[in-house]
**Student:** 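I am attaching a structure below and will ask some questions about it afterwards.
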Amino acid sequence: MNINMNPNSELEQSIVSVPDIVQVPEKFISQARQFQEVMMMYTCAIREVKTKLEVLNDELSVRNKRNPIELIKSRVKKPMSIIEKLQRRGLEPTLESMVENLNDVAGIRVICTYVDDIYDVAKMLTRQDDVRVISIKDYIQNPKENGYRSYHMIIEIPVFFSDRKQAMRVEVQIRTIAMDFWASLDHQLKYKKDIGEAEEISNELKHCADVIAATDKKMLEIRKKIEAQGGAVHK
């Protein structure tokens with residue numbers, strides 16, 4: 001993905017001047033401006049994908065009498081997280097390296113009610129003619145060793161700016177409410193330092209992941225039985 005920076009952007013011109021008493025290298029100021037503009041572009045890409053998902057959800061709420069999407073969360077990676085990830089991969093912590101090597105700077109998490117909603121939403125999103133699929137990782141059919149389940153996609157979409165159209169990549173994670181609840185607790189364990197009984201807790205979480213997967217499956221079966229009897233599941 002190539003991002004051509006516009007040196008005459010309004011964003012660059014709006015940077016607050018640093019007092020003369022502080023001598024900041026021009027190269028640093030230029031890179032800071034570029035980084036800020038690129039982050040703006042990732043934020044716009046998130047907005048584009050969120051709009052697509054919201055439109056699909058509204059359409060399906062009318063057609064199927066229920067909303068497959070419960071919640072849409074989004075974030076742009078923080079600078080320190082970007083640097084840490086680049087260094088962990090043995091890459092230079094530069095703007096160019098970030099753009100070329102990281103596909104998850106812009107991230108969207110879609111929370112669905114049922115497992116089949118995950119695949120339906122993913123299919124409808126990726127068959128839109130301006131969405132290009134870069135990669136798919138199905139951790140629902142193939143869970144991680146610790147029990148993590150989610151459906152991950154890297155997609156590329158065009159974003160229209162004042163002077164150009166720019167292809168931007170966004171990571172989309174789609175999961176059920178229960179999967180998201182589990183992942184939040186697992187994340188807390190992973191980044192909590194000096195936690196006692198970590199191995200025992202990890203084993204308990206793995207067991208919970210299996211229980212959650214079985215519950216998600218059973219809830220889907222029950223919903224389908226209700227629908228087969230002519231009863232719509234409303235929310």
**Student:** May I ask you to decide whether Asp117 forms a salt bridge with Arg66, counting only side-chain N to carboxylate O separations under 4.0 Å?
**Tutor:** yes
**Student:** May I ask you to check whether over 12 heavy atoms, not counting those of Phe181, lie within 6.0 Å of atom CZ?
**Tutor:** no
**Student:** Look at the rings of Tyr148 and Trp182 and say which category their plane angle falls in: under 30° parallel, 30 to 60° tilted, over 60° perpendicular.
**Tutor:** tilted
**Student:** Rounded to the nearest 0.5 Å, how far apart are OG1 of Thr126 and CE of Met124?
**Tutor:** 9.5 Å
**Student:** Using a distance-only test with no angle check, is there a side-chain donor-acceptor pair under 3.5 angstrom linking Tyr42 and Arg75?
**Tutor:** no
**Student:** For Pro93, is there any backbone N or O sitting under 3.5 Å from a side-chain donor or acceptor partner on Ser97?
**Tutor:** no
**Student:** Donor-acceptor pair, Ser202 side chain versus Glu199 backbone, under 3.5 Å?
**Tutor:** no
**Student:** Tell me whether the centres of the aromatic rings in Tyr151 and Tyr119 are closer together than 6.0 Å.
**Tutor:** yes
**Student:** Are the side chains of Leu60 and Asn67 in touch, meaning some heavy atoms are under 4.5 Å apart?
**Tutor:** no
**Student:** Sub-3.5 Å donor-acceptor pair from the side chain of Asp138 to the main-chain atoms of Ile140, do we have one?
**Tutor:** yes
**Student:** With a 4.5 Å limit on heavy-atom distance, are the side chains of Ile134 and Arg169 in contact?
**Tutor:** yes
**Student:** Taking atom CD1 of Ile82 and atom CG of Leu95, what is their separation to the nearest 0.5 Å?
**Tutor:** 9.0 Å
**Student:** Over all heavy atoms of both residues, which pair between Ala45 and Met168 is shortest? Give the atoms and the distance, please.
**Tutor:** CB-CB, 3.6 Å
**Student:** Any donor-acceptor pair under 3.5 Å linking the side chain of Ser81 with the backbone of Lys77?
**Tutor:** no
**Student:** Are side-chain heavy atoms of Leu125 and Lys52 found at a separation under 4.5 Å?
**Tutor:** yes
**Student:** Run through Gln173, Arg149, Lys73 and flag the one making a side-chain hydrogen bond (donor to acceptor under 3.5 Å, both in side chains) with Asp180.
**Tutor:** Lys73
**Student:** Salt bridge check, Arg223 against Glu227: does any charged N sit closer than 4.0 Å to a carboxylate O?
**Tutor:** yes
**Student:** Give a yes-or-no answer on whether the side chains of Gln87 and Arg89 include a donor-acceptor pair shorter than 3.5 Å.
**Tutor:** no
**Student:** NZ/Lys224 to CG/Leu220 distance, rounded to the nearest 0.5 angstrom?
**Tutor:** 4.5 Å
**Student:** Can we say Asp104 and Lys85 salt-bridge, meaning some charged N sits less than 4.0 Å from an Asp/Glu carboxylate O?
**Tutor:** yes
**Student:** Between Asp216 and Arg175, does any NZ, NE, NH1 or NH2 come within less than 4.0 Å of an OD or OE carboxylate oxygen?
**Tutor:** no
